[in-house]
*Asks:* 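Mind looking over this structure? Questions follow.
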Amino acid sequence: MAVKDNQHTGPAHVAVIMDGNGRWAQMRGRPRLFGHQAGARRVREILEACPELGIRYLTIFAFSTENWKRTQAEVTGLMTLFRRYIQKEAQSLLDNGVRVRFIGDRDRLEPKLVRMMRGLEQLTEGNDLVHLTVAINYGGRDEVARATRRLAREVAAGRLDPEDVDAETLPRFLDTCLLPDPDLVIRTSGEARISNFLLWQSAYAEYEFTPVLWPDFTAAHFAEIVGNYSTRERRFGAVSA
């Protein structure tokens, strides 16, 4: 792998684990879904800040494969929130040059939501200012397992020689095959773990863990973290000159 000389530039692709919605709501004596609603509104502000910061790709973790373990009321509320977000934001996303993609296993999602997701992808496919990727029913291990099954089918069909499989092969079968790897991964709320998010893609990403809860995470917080990224020396396994 060639060493990238980008230690003095900002990230092109930022991924965000949007954590803290439930705690934000509980601190205000409100149900958890109230926090998720506030968090959804915050997405627009962060997305609008991307072009000025030079960020062309923004990936957000909206619902994990493990989130089905939450109460039925919260899961149902989140699915309703996703549908409403698509309905409310579709025209704005189109008008502002945002291309939307969804990653994750869609098989468990309700058909109506899947149709809306597909419709938004098709509606915005001609946009290129900012690429917004939303991870719904997504888990890094699940993604790698699904990608491996697809790769195995290619081998079984004789379209791929097992001897040709290397570190550059599997990414072609991942949900993110059309995206560059993230340069920077941000997690809000003070938790310092990656929670099964973009495991393969984040091998060389920089990480930033902030105590700010997602509904309180402003464009100013975002810009500060992005600015700090440019001061880091990224060697990708090499040694500094």
Side-chain angles (χ1 to χ4, degrees), residues 10-21 36-65 67 78-106 109 113-140 143 171 174-188 194-195 197-198 200-202 205-206 208 214-215 217-223 225-226 229:
H13 184 179
V14 178
V16 183
I17 302 172
M18 306 179 296
D19 196 19
N21 292 335
H36 293 306
Q37 293 167 343
R41 292 191 295 270
R42 185 62 68 189
V43 171
R44 172 183 276 208
E45 179 181 346
I46 299 307
L47 185 59
E48 290 176 345
C50 286
E52 185 176 346
L53 295 171
I55 297 166
R56 293 198 64 229
Y57 298 88
L58 177 69
T59 300
I60 57 175
F61 203 4
F63 189 88
S64 77
T65 49
N67 286 158
L78 281 166
M79 295 303 156
T80 300
L81 182 61
F82 295 150
R83 293 196 304 270
R84 289 177 178 172
Y85 181 86
I86 292 174
Q87 289 175 328
K88 180 180 178 182
E89 298 293 334
Q91 190 61 48
S92 175
L93 292 165
L94 176 64
D95 293 343
N96 287 284
V98 179
R99 179 170 185 173
V100 181
R101 294 181 177 89
F102 294 92
I103 60 173
D105 185 356
R106 304 187 188 193
L109 300 176
L113 175 58
V114 172
R115 288 194 298 271
M116 295 177 70
M117 290 161 57
R118 188 180 304 117
L120 185 57
E121 288 177 323
Q122 293 171 347
L123 177 69
T124 62
E125 65 182 356
N127 286 347
D128 192 44
L129 181 63
V130 179
H131 293 249
L132 173 65
T133 302
V134 183
I136 295 182
N137 194 30
Y138 174 87
E143 179 191 27
L174 294 173
D175 295 351
T176 56
C177 59
L178 299 177
L179 303 173
D181 288 344
D183 303 298
L184 171 66
V185 179
I186 300 170
R187 182 173 186 144
T188 60
I194 60 177
S195 294
F197 184 48
L198 300 178
W200 179 282
Q201 300 88 337
S202 298
E206 297 290 319
E208 185 75 30
W214 175 249
F217 189 75
T218 66
H221 291 119
F222 189 50
I225 290 175
V226 169
Y229 169 93

*Asks:* Is Trp200 close to Thr176 at the side-chain level, that is, under 4.5 Å between some pair of heavy atoms?
*Replies:*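 SC-SC contact between Thr176 and Trp200 ruled out.
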
*Asks:* Kindly give the heavy-atom pair with the smallest separation between Pro11 and Val14, and that separation in Å.
*Replies:*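 Heavy-atom minimum between the residues: CG-CG2, 3.7 Å.
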
*Asks:* Ala223: which residues meet the side-chain contact (heavy atoms from CB on, under 4.5 Å) condition with it, sequence neighbours left out?
*Replies:*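 side-chain contact (heavy atoms from CB on, under 4.5 Å) check on Ala223 returns Leu53.
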
*Asks:* Taking only residues two or more places apart in sequence, or in another chain, which ones meet Glu121 in a salt bridge (charged side-chain N to carboxylate O under 4.0 Å, His left out)?
*Replies:*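 Result, salt bridge (charged side-chain N to carboxylate O under 4.0 Å, His left out) vs Glu121: Arg106.
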
*Asks:* By salt bridge (charged side-chain N to carboxylate O under 4.0 Å, His left out), which residues pair with Arg42, not counting sequence neighbours?
*Replies:*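 For Arg42, the residues satisfying salt bridge (charged side-chain N to carboxylate O under 4.0 Å, His left out) (neighbours in sequence not counted) are Glu45.
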
*Asks:* Mind listing the closest non-hydrogen atom pair of Asp175 and Gly104 along with its distance?
*Replies:*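 In this case the closest contact between Asp175 and Gly104 is OD2-N, 3.0 Å.
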
*Asks:* Can you confirm whether Ile55 sits close enough to Ile46 that some side-chain heavy atom of one is under 4.5 Å from a side-chain heavy atom of the other?
*Replies:*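 A side-chain contact under 4.5 Å is absent here.
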
*Asks:* Would you name the heavy atoms of Val100 and Thr124 that are closest together and state the gap between them?
*Replies:*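 Minimum heavy-atom separation between Val100 and Thr124: N-OG1, 3.0 Å.
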
*Asks:* Once you round to the nearest 0.5 Å, how far does CG of Asn127 lie from CG of Leu132?
*Replies:*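 Between atom CG of Asn127 and atom CG of Leu132 there are 11.5 Å.
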
*Asks:* For Arg44, give me all partners under salt bridge (charged side-chain N to carboxylate O under 4.0 Å, His left out), at least two apart in sequence or on another chain.
*Replies:*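 By the salt bridge (charged side-chain N to carboxylate O under 4.0 Å, His left out) rule, Arg44 matches Glu89.
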
*Asks:* So Met117 and Leu109, do their side chains get closer than 4.5 Å, heavy atoms only?
*Replies:*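 When only atoms from C-beta onward are counted, Met117 and Leu109 do touch, with a gap below 4.5 Å.
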
*Asks:* Quick one: ring pair (Phe, Tyr, Trp, His ring centres under 6.0 Å) pairs with a partner in residues 121-140, sequence neighbours left out?
*Replies:*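 Output for this query lists Tyr57-His131, Phe61-Tyr138.
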
*Asks:* Considering residues at least two apart in sequence or located in another chain, which fulfil the side-chain hydrogen bond (donor to acceptor under 3.5 Å, both in side chains) criterion with Asn21?
*Replies:*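 For Asn21 the side-chain hydrogen bond (donor to acceptor under 3.5 Å, both in side chains) partners, ignoring immediate neighbours, are His36.
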
*Asks:* Would you say that Leu113 contacts Ile86 through its side chain, given a criterion of any heavy-atom pair below 4.5 Å between the two side chains?
*Replies:*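 Leu113 reaches Ile86 side chain to side chain.
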
*Asks:* side-chain contact (heavy atoms from CB on, under 4.5 Å) with Leu129: which residues, sequence neighbours excluded?
*Replies:*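 Once residues adjacent in sequence are excluded, the partners of Leu129 under the side-chain contact (heavy atoms from CB on, under 4.5 Å) criterion are Pro51.
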
*Asks:* Check whether any side-chain heavy atom of Val43 sits under 4.5 Å from a side-chain heavy atom of Ile60, and report yes or no.
*Replies:*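 Yes; the side chains approach each other to less than 4.5 Å.
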
*Asks:* In chain order, what residues pass the side-chain contact (heavy atoms from CB on, under 4.5 Å) check against Gln91, with sequence neighbours excluded?
*Replies:*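 Applying side-chain contact (heavy atoms from CB on, under 4.5 Å) to Gln91 gives Leu94, Asp95.
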
*Asks:* Tell me every residue that passes side-chain hydrogen bond (donor to acceptor under 3.5 Å, both in side chains) with Thr188, counting only those two or more places apart in sequence or in another chain.
*Replies:*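 Partners of Thr188 by the side-chain hydrogen bond (donor to acceptor under 3.5 Å, both in side chains) criterion come out as none, since no residue qualifies.
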
*Asks:* side-chain hydrogen bond (donor to acceptor under 3.5 Å, both in side chains) with Asp181: which residues, sequence neighbours excluded?
*Replies:*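 Asp181 satisfies side-chain hydrogen bond (donor to acceptor under 3.5 Å, both in side chains) with no other residue.
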
*Asks:* Mind checking what makes side-chain contact (heavy atoms from CB on, under 4.5 Å) contact with Phe63, not counting sequence neighbours?
*Replies:*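 In terms of side-chain contact (heavy atoms from CB on, under 4.5 Å), with neighbours along the sequence ignored, Phe63 is linked to Asn67, Trp68, Val75, Leu78, Met79, Phe82, Ile136.
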
*Asks:* Contact between Asp128 and Arg56 at the side-chain level, heavy atoms closer than 4.5 Å - yes or no?
*Replies:*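 Side chain of Asp128 against side chain of Arg56, heavy atoms only: contact under 4.5 Å found.
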
*Asks:* Considering all heavy atoms of both residues, which atom of Pro215 and which atom of Gly39 are nearest to each other, and what is their separation?
*Replies:*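 Distance-wise, the nearest heavy atoms are CG-N, 4.3 Å.
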
*Asks:* Nearest 0.5 angstrom please: Leu47 CG to Asn96 CG, how far?
*Replies:*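 Here the rounded value is 8.0 Å.
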
*Asks:* Please name the pair of heavy atoms, one in His13 and one in Leu58, separated by the smallest distance, quoted to 0.1 Å.
*Replies:*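 Looking at all heavy atoms of both residues, the shortest contact is CD2-N, 4.3 Å.
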
*Asks:* Which atom pair, heavy atoms only, marks the closest approach of Phe197 to Thr59?
*Replies:*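 That closest heavy-atom pairing would be CZ-CG2, 4.0 Å.
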
*Asks:* Is the shortest side-chain heavy-atom distance between Ile194 and Arg187 below 4.5 Å?
*Replies:*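 No, their side chains stay 4.5 Å or more apart.
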
*Asks:* Listed by chain and number, what are the salt bridge (charged side-chain N to carboxylate O under 4.0 Å, His left out) partners of Asp105, not counting sequence neighbours?
*Replies:*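 Per chain and number, Asp105 pairs via salt bridge (charged side-chain N to carboxylate O under 4.0 Å, His left out) with no residue.
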
*Asks:* If we only count heavy atoms from C-beta on, is the Trp214 to Ile186 side-chain gap below 4.5 Å?
*Replies:*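 With C-beta onward as the side chain, the pair stays apart.
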
